[in-house]
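A short worksheet on the structure shown next.
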Number of protein chains: 2
Amino acid sequence: MVEPGATPWSAPAPVAVRQSSLRERNLAAIVAAVCRAEVPPSRADLAAELSMTRATAGRLVDELVAARVVDEVDRSQGARGRPAKGLLPGTGIVGLGLAVETDRLLVRAVDLRGRVVGERVVGSSAGDAESVLDALAHQAREVRRGLQGRRLVGVGVALPGIVDDDGRLLRAPNLRWNDVDVAGILASVGGRHRVLVANEADMAALVEAEPRPGRLGPWTDFVHVSAAVGVGGAIVSGGRVVAGEHGAAGELGHVCVDPSGPACGCGSTGCLEQYVGLRAVAEVSGLPRDRVATGLAAGAAAGDPRCVAAVEQVTHALSVALASVVNVVGISSVVLGGHLAALDPATIEAIRARLDARVIGSRWKPVQVTVARGDHAAAATGAAHRALADVVARPATWV
Amino acid sequence: MVEPGATPWSAPAPVAVRQSSLRERNLAAIVAAVCRAEVPPSRADLAAELSMTRATAGRLVDELVAARVVDEVDRSQGARGRPAKGLLPGTGIVGLGLAVETDRLLVRAVDLRGRVVGERVVGSSAGDAESVLDALAHQAREVRRGLQGRRLVGVGVALPGIVDDDGRLLRAPNLRWNDVDVAGILASVGGRHRVLVANEADMAALVEAEPRPGRLGPWTDFVHVSAAVGVGGAIVSGGRVVAGEHGAAGELGHVCVDPSGPACGCGSTGCLEQYVGLRAVAEVSGLPRDRVATGLAAGAAAGDPRCVAAVEQVTHALSVALASVVNVVGISSVVLGGHLAALDPATIEAIRARLDARVIGSRWKPVQVTVARGDHAAAATGAAHRALADVVARPATWV
DNA sequence: GAGATTAGTTTGATGAGTGAACTTAAGTCG
DNA sequence: CGACTTAAGTTCACTCATCAAACTAATCTC
């Protein structure tokens, strides 16, 4: 996953900054502050928080209001002095999120406040990439038509596979797609906007990190496991999804649990996916695939021996694989998503305890394990957030 | 490892930027450009490269020259026009790097050009932390005394253990130290400068990424394995060492190779360290510990069955453990250091090939495996670089 | 030695933020 | 009810870093 502005982190700017960069920077600071605020701040609040003068804050906010990136609302409360006008992320700015899942196509339009302002979900007829993506594009255009004068600022696409920097899907085993130019095929949906393509696990993790655009959730550093037929993952550090060289970071499904374990489609043996993927869990537990999420914990609680065995297998494999991950990336919170989000608290605690035993740093900071918030369209929401992230990061281009 | 203050320019600034930030930023851009240049650039070269005007470049360079952060040199070559004055990183700026190893204490003074301008190596009498660190501080003061008017800008300390953000060594199994306030004990060495403490693997990786301060080496994204009695590691992305929440990232030694393997001191089982650490390799190969680096490859080549077995064990364990790491962090280059740097090319290739088979992204980007440059004081050099990094990142505070 | 060429410097203009004074729109209190 | 207090927002002159362009300096070429 590539960052919006792509000037990496804090690297010494490769090129000089000029006066206009100052303004861009401060516009971004204001948008970020408005997005993360719990209550709508006034211009004066922003000036104090960002240690700029009221004059500057006022001028910049005026520009943002004109561009509809922030909205003014009445904040009539019985305070002394001239009443402040509260500022909120603009509802006139929306991002479009698209997702291809193994059996569904999703489109979501989300505004800067994180509200869903348009949605479509359709079952996908398995088929070749071109026709499935055409169907998706059609749905997206329908959602776009319903936006009623709101400003579309970008399109994100979440895919269950490995994606390169140019928006090409290199490989999606569970879709049986190889080397598909997704960004190119969907370009028409974005109009003049770039179509941002990324792995669904990264997109889902984005929502976990930022439940609303520009507003960090309770977790800013965690490893996100998103389990379905395939097991993916993402590493989030400081509220940002960590990319690998080719956006290939976070392939948790292929961390080795046991080198003498079963062969995996990836060419290796004993991969995590072979223990906790939907296919494996369904087989061991005897549950049909679409009942695993809802039925596994209940089955185990009821004493069904196959369900108990499946839960034990999941617990064991996750604790081994995640311990390696936590030791390597030094991030000690884990969020479980997909069908793993339905595990019961006792199992979660068992995983946590076994992880603690294997993690070298747990003595100073115990490992935390939680489950993802239940959003049936996390990846699509994340894709929309991804599109909106550009406005939050560089509002100057939208003013 | 924590970044030097660095207000990231690209991340949403938590606070407004003002005119002076512009200057700070552009000073940093110039220093970075001077450091990474292959030939000493002129003011005009810098202006062109950074797309600022010659006027601006000239003024900022003048300030840096006055502060001795960059030096002017004659660049008399038969070119037309007024001869340019070349610019090089200043030799008047030095960082001090300290390292505690299991049997040695090292101190190195390095200038901004990456030249060693002072060094001391002494054997360490095993002892309690306080007395060992006092001895180290004494050596450091001696080196500092020999700096002859150069400006000391910081002190870095490399330690074989886990370190927290405040410069406390939490745990160093191979030194048998626990919870030592290293930064506090060594504060006198730094004078008014902060003492920057980090894991030796991170410091060594820094030198691999940046052979000279501010100048990236051939690898900017890699996983660095530093093997000795303990096995540590560091993840370098974009030329920067990735920190975990508590600088605990990169604990490669405790990635699980086989959950049913031997117990490890960390409380887990089958950790990489139990297969490729100096202790394990010495035992399997029958070589004395201090001969492992030099004798292992030779022994295996000569057909010694114990050495062959040791090499096979190392090959197997590294390929399993590193595959997980590469899949998780999405970085496909691996640099082997410590006694692993002495493995012969055939073994390196065998590790590479087995890794390729296990890495999900290898189809698009084959895994690369190389060995570290042989620097007997990599950690101390890295610590000195770490101290100098602050000048490169924020020269304005030194002007 | 005149001319060409490029490095570096000087000078005034521009744009963005600062500080302080000013205006506006409430609530408070006699 | 009207004067006073309080705080938000606005205006305006000022500062500072960069830009643009003219100018000076030093060397090579012919």
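Residue numbering restarts at 1 for every chain, and letters A, B, ... go by the order of the sequence lines.
A donor-acceptor pair is defined here as one N or O able to donate and one able to accept, closer than 3.5 Å; no such pair exists between the side chain of Arg115(B) and the backbone of Thr91(B). The closest donor-acceptor contact from the side chain of Arg144(A) to the backbone of Val189(A) lies under 3.5 Å. Distance alone, capped at 3.5 Å, is enough to place a donor-acceptor pair between the Arg75(A) side chain and the Pro40(A) backbone. For Arg108(B) (side chain) and Val116(B) (main-chain N/O), no donor-acceptor pair under 3.5 Å exists by modelled atom type. Put simply, the side chain of Asp111(B) never gets that close to the backbone of Gly90(B): no donor and acceptor are under 3.5 Å apart. A donor-acceptor pair under 3.5 Å links the side-chain atoms of Arg151(A) to the main chain of Trp398(A), judged by distance alone. A donor-acceptor distance shorter than 3.5 angstrom exists from the side chain of Asp221(A) to the backbone of Gly238(A), with no hydrogens or angles considered.
Protein chain A contacts DNA chain C over a range whose 5' and 3' limits, counting nucleotides with an atom under 4.0 angstrom from a non-hydrogen atom, are dG15(C) to dT28(C).
For the pair Met52(A) and Gln19(A), both in contact range of DNA chain C, the more 5′-proximal nearest nucleotide belongs to Gln19(A). Two residues, Thr56(A) and Arg80(A), neighbour DNA chain C, and the one matched to the more 5' nucleotide by heavy-atom proximity is Thr56(A). Map Arg82(B) and Asp45(A) each onto its nearest nucleotide of DNA chain D; the residue landing nearer the 5' end is Asp45(A).
For the pair Arg59(A) CZ and dC12(D) C1', the computed distance is 13 Å after rounding to whole Å.
Ion pairing between Arg43(B) and Glu72(B) holds under the 4.0 Å rule for side-chain N and carboxylate O. Under the 4.0 Å criterion applied to side-chain N and carboxylate O atoms, Glu210(A) and Arg386(A) are not assigned as salt-bridge partners. A salt bridge does not link Arg194(B) to Asp390(B): none of the charged nitrogens lies less than 4.0 Å from a carboxylate oxygen.
For the segment residues 83-92 of chain A, the set of residues with a heavy atom within less than 4.0 Å of an atom of DNA chain D comprises Ala84(A), Lys85(A), in numerical order. A heavy-atom distance below 4.0 Å to DNA chain D is reached by none of the residues of residues 60-74 of chain A.
Among the atoms of the strands shown, base atoms are found under 4.0 Å from some heavy atom of Arg54(A). Contacts of Arg18(B) with the nucleic acid, taken as non-hydrogen atoms under 4.0 Å apart, involve only primed sugar atoms and P, OP1 or OP2. Counting any heavy atom pair closer than 4.0 Å across all strands shown, Ala55(A) reaches a base atom. Counting any heavy atom pair closer than 4.0 Å across all strands shown, Ala79(A) reaches sugar-phosphate atoms only and no base atom.
Of all heavy-atom pairs between Gly95(B) and Ala384(B), the closest is O-CB, 3.7 Å.
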